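Taking it in order: structure first as structure tokens, then the write-up.
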Amino acid sequence: FPDQFESDIADNHNYFNFSAGLLWFFQPNNTVNMNFGGAMHNIIRPNVSFFDDADEELDRRITAQFGSQFKVSNKISLVPSLMFQKQGPSQELVIGTFLKYNLGGYTSMDKLNLQLGAFYRFSDAITPVVRVDIRDVSIITSYDINVSKLTAASKGEGGAEISLTWTGLIWSTRSKAKPIRCPIL
């Protein structure tokens with residue numbers, strides 16, 4: 001940076017932020033469940049500028065989502081989902097589904113599932129996904145395939161992701177607290 005800017009750059013840059021959201025889960029029977037959710041992020045719009053005398057407020061981000069699971073048979077389920085986000089002038093809509101195949105038993109203790117899916121981020125990318133659920137742990141791999149105007153810059157190369165998720169009980173099974181029923185993923 002030129003000397004005239006060095007004194008304006010903050011020595012430290014920290015800020016407090018706050019987000020809140022709600023999720024509604026509904027299971028009318030043993031073959032269908034649905035969840036609807038929404039959240040607001042950056043509620044207090046913190047100043048994120050790196051300069052002492054500048055004020056650059058972080059835009060609020062609104063998120064809305066829907067997910068469901070429909071049992072097609074004892075072993076096969078469809079797991080569609082939709083998510084919309086908007087922050088300032090930017091927005092994103094992602095829609096897709098998994099085909100879930102139960103490789104193991106029928107209880108959560110011997111859960112073994114293979115899920116194959118694809119998601120579309122409108123005007124941007126197609127994402128094939130493979131997910132393996134082993135009891136309370138899920139291993140998820142995905143690869144974004146760019147289909148937007150950026151394809152020329154990205155040369156058709158996408159981005160790979162690997163995720164590890166744990167969905168176990170918060171309390172031990174010996175606890176007197178009643179477990180909270182959560183959406184079935």
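The shown structure was predicted, so the numbers you read here are calculated from the model rather than taken from an experiment.
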Taking atom types as modelled, find out whether [X] and [Y] have a side-chain donor-acceptor pair closer than 3.5 angstrom.
| X | Y | result |
| --- | --- | --- |
| Asn47 | Glu56 | no |
| Asn29 | Thr31 | yes |
| Asn35 | Gln65 | yes |

| query | Quick one: do Arg131 and Asp133 make a salt bridge, cutoff under 4.0 Å? | reply | yes
| request: Run the salt-bridge test on Arg121 and Asp144 with the 4.0 Å N-O cut-off and return the result as yes or no. | output: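 Between Asp144 and Arg121 there is a salt bridge, with a charged N closer than 4.0 Å to a carboxylate O.
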Report yes if the side chains of [X] and [Y] come closer than 4.5 Å at any heavy-atom pair, otherwise no.
| X | Y | value |
| --- | --- | --- |
| Gln91 | Phe84 | yes |
| Glu92 | Met83 | yes |
| Thr141 | Val129 | no |
| Leu82 | Val94 | no |
| Asn113 | Val132 | no |
| Thr127 | Ile145 | no |
| Leu78 | Gln69 | no |
| Ile139 | Leu164 | yes |

Got a second to check how far [X]'s [atom1] is from [Y]'s [atom2], nearest 0.5 Å?
| X | Y | atom1 | atom2 | result |
| --- | --- | --- | --- | --- |
| Leu150 | Ser123 | CG | OG | 11.0 Å |
| Asn102 | Lys71 | CG | NZ | 7.5 Å |
| Ser142 | Ile140 | OG | CD1 | 8.5 Å |
| Ser19 | Ile43 | OG | CD1 | 6.0 Å |
| Phe36 | Trp24 | CZ | CH2 | 6.0 Å |
| Asn17 | Asn42 | CG | CG | 4.5 Å |

| task | May I have all residue pairs that pass ring-ring contact (aromatic ring centres under 6.0 Å, His included) and include part of residues 111-133, sequence neighbours excluded? | result |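 Applying ring-ring contact (aromatic ring centres under 6.0 Å, His included) to every pair that reaches into residues 111-133, excluding sequence neighbours, yields Phe98-Phe119, Tyr120-Phe122.
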Can you give me the closest heavy-atom contact between [X] and [Y], atom names plus distance?
| X | Y | value |
| --- | --- | --- |
| Gln115 | Val79 | OE1-CG2, 4.3 Å |
| Ala39 | His41 | CB-NE2, 3.7 Å |
| Ser49 | Ala54 | OG-CB, 3.3 Å |

| What pairs with Arg60 under salt bridge (Lys or Arg N to Asp or Glu O under 4.0 Å), at least two apart in sequence or on another chain? | none
| Set of residues satisfying salt bridge (Lys or Arg N to Asp or Glu O under 4.0 Å) with respect to Glu161, sequence neighbours excluded |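 Listed in chain order: nothing, the list is empty.
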State plainly whether one hydrophobic cluster holds both [X] and [Y], where clusters connect Ile, Leu, Val, Met, Phe, Trp and Tyr through side-chain heavy atoms under 4.5 angstrom apart.
| X | Y | result |
| --- | --- | --- |
| Val130 | Tyr143 | no |
| Leu103 | Ile134 | yes |
| Leu58 | Ile44 | no |
| Met40 | Leu23 | no |
| Phe66 | Ile62 | no |

| task | Given side-chain contact (heavy atoms from CB on, under 4.5 Å), test Phe26 with Asn33 step by step and report yes or no. | result | CA-CA 6 Å; Phe26 175 64; Asn33 72 60; over 6 Å; no
| task | For Thr63 and Gln85, run side-chain contact (heavy atoms from CB on, under 4.5 Å): C-alpha distance rounded to whole Å, both residues' side-chain angles, the deciding distance at 0.1 Å, then the answer. | result | CA-CA 4 Å; Thr63 304; Gln85 296 188 95; 3.4 Å; yes
| message | Could you go through Lys100 and Ile76, starting from their C-alpha distance and side-chain angles, then the distance that decides it, and tell me whether this counts as side-chain contact (heavy atoms from CB on, under 4.5 Å)? | response | CA-CA 6 Å; Lys100 180 177 178 180; Ile76 298 174; over 6 Å; no
